[in-house]
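These notes concern the structure reproduced below.
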Amino acid sequence: MENKELSPNEDEIKFIRTTSTFDCGGRCPIKLHVKNDKILRVEGDDYEIEDEQLRACLRCRAFRKYVHHPERLKYPLKRVGPKGEGKFEQISWDEAYEIIANKLKHVIEKYGNSSVFLASGGGFLGSFHDGTFAMMRLFNHLGGFATHYGNVSSEGAVWACLAQYNSVFVGHSREDLLNSKLIILWGWDPARMISGTNTMYHVIKAKEAGAKVICIDPKYTDSAVVLANQWIPIYPGTDAAMMVAIANVMIKEGLHDQAFLDKYTVGFDKFKDYVMGKEDEVEKTPEWAEKITGVDASIIEQLAREYATTKPAALMDCQGPARSAIGEQYNRCAMTLCAMTGNVGRPGGSAGGGLMGIRPGHMFYGMRIPPGKNPAEAGGPKVSRSLNLKLRLVKRVHINKMFDAIAKGKAGGYPFDVKFAWFVNNNFLNQLGNTNKSAEALKKLDFMVVAELFLTPTARYADIVLPVTSAAEKNDLTRPWPSGPYFTYVNKAIEPLGECKSDLTIAEELAEKLGIDNFEKYEEEKTLKNFIKARPDTGRAMPKRKDREKYKETAVHRLKLSEPIVAFKEQIEDLENHPFDTPSGKIEIFSQKAADIKNPLCPPIPKYISTWEDRNDPLFEKYPLQLLSPHPRNRVHSELYKVKWLAEVEPHVAWINPVDAEPRGIKDGDEIYVFNDRGKILIKAWLTERIIPGVISISEGAWYAPDDNGIDRGGCVNTLTKDAYSAGGASALKTCLVQISKVQGGK
Ligand SMILES: Nc1nc2c(c(=O)[nH]1)N[C@H]1C(S)=C(S)[C@@H](COP(=O)(O)OP(=O)(O)OC[C@H]3O[C@@H](n4cnc5c(=O)[nH]c(N)nc54)[C@H](O)[C@@H]3O)O[C@H]1N2
Ligand SMILES: Nc1nc2c(c(=O)[nH]1)N[C@H]1C(S)=C(S)[C@@H](COP(=O)(O)OP(=O)(O)OC[C@H]3O[C@@H](n4cnc5c(=O)[nH]c(N)nc54)[C@H](O)[C@@H]3O)O[C@H]1N2
Ligand SMILES: [Mo]
């Protein structure tokens, strides 16, 4: 029916099933209606088993508006104006390759391979050979490259999970939520950030089946609106204090599962000493926590009792609150509460840790053509599971310090001087902390290539911009975000726009230009075979040869589970034969590996620690508001920013409680400045009681647009955030103090 409306000649419409590849928490099958190389319509999953459908949300529904956006880059560009101004001229691919190849050869010859920097981010996430991986392979052929360390999303949670479990697979498959009687969304908003396509669906089903849902968040989130029986607002960065106080109540009232702790954990006694005040003379009572968190002691007590006595219960911490100074402790405390209540490894329970990933099929489970070893990092320490961040930084720079490293190089204590940088799959000028400072760094950078679909704020600083294809313009094997369990496939729906090429093609063609004659050409079957060999457990779950055609045609291969996946179930059921992968073989509430670092900011037991730019910082006098920067509902970070349909969904505004707005004379809809010593942005105020007083919230991802006075009129939140990281590696993007004022002459 609808097809007829769109086209008088139905025969001309092709239907192509594919999946999204956005870094948005989901990975959704979509069906594209295509005619004359144009996507006319996007449909969601129509899988015959309705309960297992993986339904796309607003972002995928707007896919065609993104693919066919009039501002898509279509030709290689060379900068002709000052960096950042955005003046470029069209050049041929041949000229672009020529310029890049000459520059690369020159830089490597003169300064060595570590002067070539690769910055890679979340664009086209899911592939295991394209994008970043293709570029890594290319640079390895040339002798190696410098790069960044640390997952900007979740390094805090990763550190915490490694300390506690020495594993990052801490999630349950989502249907297990239906076994929970109590679900605590602690700094987690799946209605907005998805966390796996089918996640919110299952939380709603669990609620309908009778589970109680509690949300703990400075904001009354979208998930809270839909689900919450109770909303507990809390000051940002103080969750660890509340969790420790919950432990205090459980211990005092004998509500914790001592048998579980005895059998499966080490170090609970040390944690108990800290909680009860034996270690530092301060008992971590609910009253103690009330002063730090702003949460009433009675509410903390009540939650402690409810969580300890409702079985099974799923405490779901996430990554957002951990993306902060000392963020690791939030996840460690959560995992410890999961153990204290005996919920680890149990259906309907949770292991905590914030990563929510399951095997198989998870994107953390490296599915890629091995890019090979990076010769420029040879001789570095073995760091894969070390909790000692210093080791990891021997050859690399922390992701949230990359622009500082570009600006200062070895003189600033970094391991390299950058002379040539290649940005792939990211808009990091916009997405990492302290954008004004980063922009200054890019102005000084010798040479920069950006491969992009749009002329992003980062791309405006490039010397050469290369136009890349969208997911609609190529074929690829892909993998889901943490929920699974399924594998996805991207089917080419239209020819590349203009002269766009994939990053892989760019790498292959540039290799040729550089005279690399043994650059392995990508072959899908070979990749699949290699992967199955290298990862037999996940490999076995991949589509068999006989199912391959169906997998590609439907763009998804769903795994049938006989029962929900529950992290650490094996360990809990049979510890002797399946010890935890930690040095002690148990859950490490006390981690000797963490103790060995001897860094008080990475304590061996979970603790609440006050930090810079929290409410105790003297800076709080000058900048008395804590700034949250959640992920936008209507975008994927800064991607999709240009899509009007999506912009209409949610205007870019600062959430402000009337208690903070009124004394400053700010009314709903007023233009305001939000500022601190790092920068100043212009944005509209949205007065709402959906946020706790003392805290404001601005979604990340709006495009940086500084005016001549240095005021960012785009309202990019990272103009305000700090380029800093926590001792365990978390990017401290959520730890930020600001002040606000009404724009004079405004409404
Ligand atoms: N203040 C604050 N800042 C944050 C966060 C926060 O919570 N608060 N969160 C952080 C997190 S978790 C993340 S993951 C980062 C994300 O940071 P980025 O990875 O920089 O995020 P995106 O804005 O998605 O940028 C991806 C870019 O890749 C491009 N792209 C898409 N597909 C392709 C492709 O196939 N090839 C190439 N070459 N490019 C492609 C897109 O056009 C887009 O510009 O942001 C971080 N920034
Ligand atoms: N729509 C959409 N979805 C996305 C993305 C996107 O850009 N857009 N990005 C994806 C990516 S790359 C990632 S890494 C994930 C990130 O997913 P998350 O890290 O979970 O997302 P955030 O929005 O950073 O934060 C989640 C919640 O934490 C709350 N919060 C912040 N600080 C605190 C605190 O100190 N204490 C408590 N209790 N709560 C706090 C925020 O108010 C917010 O509701 O999302 C993914 N999903
Ligand atoms: Mo992320």
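Ligands are counted one by one from 1 in listed order, and the atoms in each one are counted from 1 as well.
In summary, the atoms of ligand 1 found under 4.0 Å from a heavy atom of Val717, numbered by their order in the structure, are 1 (N). Atoms of ligand 2 lying under 4.0 Å from at least one heavy atom of Trp186, given by number and element, are 38 (N). For ligand 1, the atoms sitting less than 4.0 Å from at least one non-hydrogen atom of Gly121 are 19 (O), numbered in the order shown with element in parentheses. Residue-ligand proximity, Lys734 to ligand 1, at heavy-atom distances under 4.0 Å covers atoms 6 (C), 7 (O), 8 (N). Proximity to Asn718 (heavy-atom distance under 4.0 Å) selects the following atoms of ligand 1: 1 (N), 2 (C), 3 (N). Of all the atoms in ligand 2, the ones that sit under 4.0 Å from a non-hydrogen atom of Pro236 are 34 (C), 35 (O). Distances below 4.0 Å separate heavy atoms of Ala451 from the following atoms of ligand 1: 37 (C), 38 (N), 39 (N). Near Val424, meaning under 4.0 Å from one of its heavy atoms, ligand 1 places the atoms 38 (N). Shown in contact with Asp503 at under 4.0 Å from a heavy atom are these atoms of ligand 1, numbered in order with element: 34 (C), 35 (O), 36 (N), 37 (C), 38 (N). The atoms of ligand 2 that sit less than 4.0 Å from any heavy atom of Lys219 are 42 (O). The distance from ligand 1 to the heavy atoms of Ser638 drops below 4.0 Å at these ligand atoms: 22 (P), 23 (O). Using a 4.0 Å cut-off to heavy atoms of Cys318, the atoms of ligand 2 that qualify are 20 (O). Listed by number with element, the atoms of ligand 2 under 4.0 angstrom from any heavy atom of Thr221 are 44 (O). Near Asp239, meaning under 4.0 Å from any of its heavy atoms, are these atoms of ligand 2: 34 (C), 35 (O), 36 (N), 37 (C), 38 (N). Listed by number with element, the atoms of ligand 2 under 4.0 angstrom from any heavy atom of Leu628 are 31 (C), 32 (N), 42 (O). With ligand atoms numbered from 1 in the order given, ligand 2 contributes 38 (N) to contacts under 4.0 Å with heavy atoms of Ile216.
Ion pairing of Arg323 with Glu700 is absent here, as no side-chain N (NZ or NE/NH1/NH2) approaches a carboxylate O to less than 4.0 Å.
Considering only non-hydrogen protein atoms, atom 35 (O) of ligand 2 sits nearest to Gly237 N, 2.8 Å. Ranking the protein heavy atoms by distance from atom 17 (O) of ligand 2 puts Met193 CE, 2.8 Å first. In terms of protein heavy-atom proximity, atom 47 (N) of ligand 1 is nearest to Gln431 O, 2.7 Å. Scanning the protein for heavy atoms near atom 31 (C) of ligand 1, the closest one is Glu639 OE2, 3.2 Å. Nearest protein heavy-atom contact of atom 30 (N) of ligand 1 is Leu453 CD1, 3.6 Å. Of all protein heavy atoms, the one lying nearest to atom 25 (O) of ligand 2 is Gly320 CA, 3.7 Å. In this structure, the protein non-hydrogen atom closest to atom 2 (C) of ligand 2 is Pro632 O, 3.2 Å. Regarding atom 37 (C) of ligand 1, its nearest protein heavy-atom neighbour is Asn425 OD1, 3.1 Å. When only non-hydrogen protein atoms are considered, atom 20 (O) of ligand 1 lies nearest to Asn427 N, 2.8 Å. The shortest contact between atom 24 (O) of ligand 1 and any protein heavy atom is with His637 CD2, 3.3 Å. Of the protein's non-hydrogen atoms, Cys24 O, 3.1 Å is the one closest to atom 4 (C) of ligand 2. The protein atom (non-hydrogen) at minimum distance from atom 1 (N) of ligand 2 is Arg59 NH1, 2.5 Å. If you check which protein heavy atom lies closest to atom 14 (S) of ligand 2, you get Ser153 CB, 3.2 Å. When hydrogens are left out, the protein atom nearest atom 26 (C) of ligand 2 is Gly187 O, 3.5 Å; that is the closest non-hydrogen contact. In this structure, the protein non-hydrogen atom closest to atom 32 (N) of ligand 1 is Phe124 N, 3.4 Å. In terms of protein heavy atoms, atom 42 (O) of ligand 1 is closest to Glu452 OE1, 2.8 Å.
Here the closest heavy-atom approach between residue Thr721 and residue Leu733 is recorded as CG2-O, 3.4 Å. Closest non-hydrogen pair, Asn634 versus Leu58, comes out as CA-CD1, 4.2 Å. When all heavy atoms are compared, the tightest approach of Ile681 to Cys716 is CG2-O, 3.6 Å. Nearest heavy-atom pair, Asp503 versus Met135, reported as atom, atom and distance to 0.1 Å: O-SD, 4.4 Å. The shortest non-hydrogen separation linking Lys219 to Ser697 is NZ-OG, 3.1 Å. Taking both residues in full, the closest heavy atoms of Cys338 and Ser350 are given as CB-O, 3.3 Å, listed atom of the first, atom of the second, then distance.
Using a 4.0 Å cut-off between heavy atoms, Lys722 makes no contact with ligand 1 at all. At a heavy-atom distance under 4.0 Å, only side-chain atoms of Asp23, from C-beta outward, approach ligand 1. Looking at His631 against ligand 1, only its side chain comes within 4.0 Å, counting heavy atoms.
For CD of Glu650, the number of neighbouring non-hydrogen atoms (other residues, nucleotides, ligands) closer than 6.0 Å is greater than 12.
Annotation: cation-pi geometry satisfied between Arg615 and Tyr235 (NZ/CZ under 6.0 angstrom from ring centroid, within 45° of ring axis).
Ser120 and Asn425 share no donor-acceptor pair across their side chains, judged by distance under 3.5 Å alone. Using modelled atom types, one finds a donor on one side chain and an acceptor on the other under 3.5 Å when comparing Ser470 with Glu473. Under the 3.5 Å distance criterion, with hydrogens and angles disregarded, no donor-acceptor pair is assigned to the side chains of Thr435 and Asn718.
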Report task. Please step through side-chain hydrogen bond (donor to acceptor under 3.5 Å, both in side chains) for the pair Asn430 and Ser638, ending with a clear verdict. Result -> CA-CA 8 Å; Asn430 210 82; Ser638 71; 4.7 Å; no

Report task. For side-chain hydrogen bond (donor to acceptor under 3.5 Å, both in side chains), just list the numbers for Glu613 and Tyr623, CA-CA rounded to whole Å, side-chain angles, deciding distance to a tenth of an Å, and then say yes or no. Result -> CA-CA 9 Å; Glu613 293 198 35; Tyr623 299 119; over 6 Å; no

Report task. Give the intermediate values and the outcome of salt bridge (charged side-chain N to carboxylate O under 4.0 Å, His left out) for residues Arg690 and Asp217. Result -> CA-CA 10 Å; Arg690 284 182 62 183; Asp217 200 297; over 6 Å; no

Requested in this report: Determine, step by step, whether Ile194 and Met200 satisfy the side-chain contact (heavy atoms from CB on, under 4.5 Å) criterion, reporting the C-alpha distance in whole Å, the side-chain angles of both residues, the deciding distance to 0.1 Å, and the verdict.
Outcome: CA-CA 7 Å; Ile194 311 296; Met200 189 61 183; over 6 Å; no

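Side-chain N or O atoms of His398 include none that pairs as donor or acceptor with a backbone N or O of Tyr725 at under 3.5 Å.
The shortest N or O to N or O distance between Trp188 and ligand 2 is not under 3.5 Å.
Closest to atom 29 (C) of ligand 2 by heavy atom, among Asp217, Leu185, Asn151, is Asp217.
Ring centroid separation for the pair Phe423 and Tyr461 does not come in under the 6.0 Å cut-off.
In this structure, Tyr522 and His129 have parallel ring planes: the angle between them is below the 30° cut-off, well short of the 60° mark. The aromatic rings of Tyr97 and Trp93 sit tilted relative to each other, their planes meeting at an angle between 30° and 60°.
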